[in-house]
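Basis for what follows: all heavy atoms, side chains included, without hydrogens, waters or symmetry-related copies. Atoms within a ligand are numbered from 1 in the order they appear, just like the ligands themselves.
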Amino acid sequence: MKIAVINSGSSSVKFKLFDMPSANVIRDEFVEHIGEPNSPIQNHYEAIKSLHVNFADIDAVGHRVVHGGEKFRNSVLIDDEVMEAIKDLIPLAPLHNPANLEGIKVVCQKAANIPQIAVFDTAFHTTLSKEAFVYALPYEMYEKNKIRRYGFHGTSHAYLLQEAATLLKKKVQETNIITLHLGNGASACAIKNGKSCDTSMGFTPLEGLVMGTRCGDIDPAIVLFMQNELDLSADEVDALLNKKSGLLGLCGENDVRNIERRKDDKAKLALDIMVRRIQKYIGAYMIVLEDVDAVVFSGGIGENSLYVRERVMNNKILKNIKSLVIKTDEELQIAHECLGVLKE
Ligand code: ADP
């Protein structure tokens with residue numbers, strides 16, 4: 001069976017075509033700079049049209065959809081109602097859900113009869129308990145405004161769980177691990193008995209670990225100070241926290257390969273702050289989980305940086321905990337999810 005996976009970002013489309021269940025990759029394409037000035041590709045329709053693929057030959061298409069809110073606890077077959085619900089969730093993911101929806105619509109236009117499946121980044125974390133997902137704000141803000149922790153990178157954490165359980169020779173439902181997806185975006189997840197029970201990203205992907213360009217956890221009063229005392233607009237604060245902070249803000253760049261090679265104080269401090277934040281989350285999640293079979297490193301940094309892995313695990317409390325390095329594969333996980341939905 002041929003399953004195509006489309007991951008539409010705000011300005012890029014990642015495409016993989018799998019033969020399933022063998023998981024062989026038949027095609028792998030990446031279109032970027034969508035909609036940027038001077039780019040030949042001005043929208044997602046053109047991006048998907050530019051792919052070297054004949055949708056008539058494909059059995060199903062899986063789409064990564066960033067926000068499934070509280071509604072989507074699992075992957076689902078897409079119909080008009082699902083598309084409407086993804087649209088309703090746009091206020092929670094204003095950059096991503098419209099791009100994801102665009103990808104779905106383009107495939108509808110090109111091949112109306114192919115089953116399309118939505119795989120949500122948030123779905124894996126819908127097992128969080130209220131004590132893990134409700135913020136200590138007035139409770140109505142959760143009830144009325146749906147302000148709560150959702151968590152992201154769920155497809156990656158779910159894939160890492162499956163792979164880790166195999167490596168640990170444990171049943172998934174008996175596996176207790178801390179997964180660290182350390183890419184340009186980064187998140188940690190505490191997985192108890194095969195279910196996400198806490199995660200570092202929150203209402204948006206801004207919370208938690210120090211990332212390439214995002215600050216992660218900060219005192220929320222800093223936002224008020226920036227607006228009231230530094231006269232920054234809401235949009236300026238948004239751009240500052242999401243695009244100009246993290247490693248980039250601390251040392252001027254966000255590629256850990258380069259930062260590791262540098263000898264200056266700012267580069268060293270950036271890595272120290274990133275490592276310390278990761279360790280703090282591992283510590284917190286050890287308390288939440290009580291039993292930890294392993295800490296799993298993944299994402300571009302987790303998979304490739306021995307330096308970061310050693311720095312994180314070089315700690316009296318962590319030295320007796322097993323660590324695993326697993327290359328994540330969100331697209332393959334989406335293809336597996338599609339198979340699951342088609343079998344239902
Ligand atoms: P994204 O979140 O964009 O998918 P990736 O998971 O590809 O990101 O991770 C990208 C990051 O991985 C880069 O910013 C870089 O810092 C880091 N990285 C990649 N290779 C290495 C390496 N050999 N050593 C250290 N860091 C690396």
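Checking Thr199 against His153 by side-chain atom types alone, no donor-acceptor pair falls below 3.5 Å.
Taking the six-membered ring where the residue is Trp, His125 and His157 present perpendicular rings, their angle passing 60° and hence far from 30°.
The closest protein non-hydrogen atom to atom 4 (O) of ligand 1 is Lys14 NZ, 4.4 Å. The single protein non-hydrogen atom nearest to atom 15 (C) of ligand 1 is Asp255 OD1, 3.5 Å, given as residue, atom name and distance. Remark: minimum distance from atom 24 (N) of ligand 1 to any protein heavy atom is reached at Arg257 CG, 3.4 Å. Regarding atom 23 (N) of ligand 1, its nearest protein heavy-atom neighbour is Asn304 CB, 3.3 Å.
The contact set between ligand 1 and Gly185, taken as ligand atoms under 4.0 Å from a residue heavy atom, comprises 2 (O). The atoms of ligand 1 that sit less than 4.0 Å from any heavy atom of Val256 are 15 (C), 16 (O), 25 (C), 26 (N). Atom numbering of ligand 1 starts at 1 in the shown order; those under 4.0 Å from a heavy atom of Ile301 are 12 (O), 16 (O), 17 (C). Within the listing of ligand 1, atoms 25 (C) sit less than 4.0 angstrom from a heavy atom of Ser305.
When the heavy atoms of Asn254, Asn258, Ile259 are ranked by distance to atom 14 (O) of ligand 1, first place goes to Asn254.
Listed for the Glu303 side chain is a donor-acceptor partner under 3.5 Å among the backbone atoms of Thr328. Judged by distance alone, with hydrogens and angles left aside, the side-chain atoms of Tyr135 form a donor-acceptor pair with the main-chain N or O of Phe203 at under 3.5 Å.
Checked by distance only, ligand 1 and Asn184 come closer than 3.5 Å through their nitrogen or oxygen atoms. Any N or O atom pair closer than 3.5 Å counts here, and Gly300 shares at least one such pair with ligand 1.
Under a 4.0 angstrom heavy-atom cut-off, Gly212 registers as lying outside contact with ligand 1.
For Lys71, the NZ atom counts as loosely surrounded, since its 6.0 Å shell holds 12 or fewer non-hydrogen atoms of other residues, nucleotides or ligands.
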Could you give me the CA-CA distance, side-chain angles and deciding distance for Tyr307 and Arg311, then say whether side-chain hydrogen bond (donor to acceptor under 3.5 Å, both in side chains) is met? CA-CA 6 Å; Tyr307 173 81; Arg311 283 281 313 274; 2.9 Å; yes
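Connection of Val119 to Leu101 is not established within any shared hydrophobic cluster, with ILVMFWY side chains joined at heavy-atom distances below 4.5 Å, either directly or through further cluster members.
One distance of note links CD1 of Ile326 with CG of Leu161; it measures 9.0 Å at 0.5 Å rounding.
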